[in-house]
Structure formats: structure tokens, C-alpha cells
Amino acid sequence: MQPGDMTELELTSHSREECGYVLQAILKVYLGDQQFHLNEGDSISFSSMIPHHYNNLGNDV
């Protein structure tokens, strides 16, 4: 998969809101047609009706 290519990802959506806070490592968030890299201490909140997917870019769980 090439950077920016989301055709192989399974994006999910559901009702309500979703939020996350990164404790360690880097989290790559696919949100609709956008991508975000979240670092330690970053947070995100969005309508979970927007198709989304997460990737942990580090070795931490």
C-alpha cells in the first residue's frame, strides 16, 4: 500500500462520538479521506459516523 492509499483499509463507521488520547508511540488515524499522525499527548474527537481506521506506528500496544 502506498502512502495516502486507503483502498486496502477497512474503514468502519457507527453512531455516536469517538475520542482517543495517545499515551505513547504514534497513532495514524484515517478519518474519511484525511490522515492524521498523533503523537504522545495528542488527542482526537470526531463523529464516528465518519468512516475511520487506526494504525499503531510504534511497537507499543
Side-chain angles (χ1 to χ4, degrees):
M1 178 168 36
Q2 296 297 315
D5 182 6
M6 294 192 302
T7 58
E8 296 182 20
L9 292 178
E10 278 192 43
L11 299 180
T12 186
S13 63
H14 44 90
S15 63
R16 308 280 187 227
E17 292 288 315
E18 193 150 335
C19 63
Y21 179 79
V22 180
L23 296 174
Q24 51 186 352
I26 300 172
L27 183 67
K28 186 172 188 177
V29 179
Y30 298 88
L31 186 58
D33 60 355
Q34 299 179 10
Q35 297 177 31
F36 302 92
H37 285 98
L38 303 180
N39 297 298
E40 293 178 23
D42 288 342
S43 63
I44 190 168
S45 177
F46 58 91
S47 168
S48 54
M49 293 178 66
I50 300 170
H52 57 282
H53 180 82
Y54 301 105
N55 275 352
N56 180 354
L57 299 182
N59 294 324
D60 300 321
V61 178

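Note: hydrogens, waters and symmetry copies are ignored here, and every other heavy atom, side chains too, is used. Residue numbers count from 1 along this sequence.
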For Ser13, does its backbone N or O pair with a side-chain atom of Ser48 as donor and acceptor, under 3.5 Å?
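Checked: no pair found.
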
Got a second to check how far [X]'s [atom1] is from [Y]'s [atom2], nearest 0.5 Å?
X: Glu18; Y: Ser47; atom1: CD; atom2: OG; value: 9.5 Å
X: Tyr54; Y: Lys28; atom1: OH; atom2: NZ; value: 15.0 Å
X: Tyr21; Y: Asp42; atom1: OH; atom2: CG; value: 8.5 Å

Between His52 and His14, how do the two ring planes meet: parallel, tilted or perpendicular, split at 30° and 60°?
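His52 and His14: perpendicular rings.
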
Linking I/L/V/M/F/W/Y whenever their side-chain heavy atoms sit closer than 4.5 Å, directly or via other members, would Ile50 and Leu27 fall into one cluster?
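As far as the 4.5 Å side-chain criterion goes, Leu27 and Ile50 are connected within one cluster.
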
Do Phe36 and Ile26 share a hydrophobic cluster (ILVMFWY, side-chain heavy atoms under 4.5 Å, transitive)?
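Phe36 and Ile26: separate clusters.
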
Ignoring hydrogens and angles, state whether a donor on the side chain of His53 or Asn55 is under 3.5 Å from an acceptor on the partner side chain.
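Present: a donor and an acceptor within the cut-off.
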
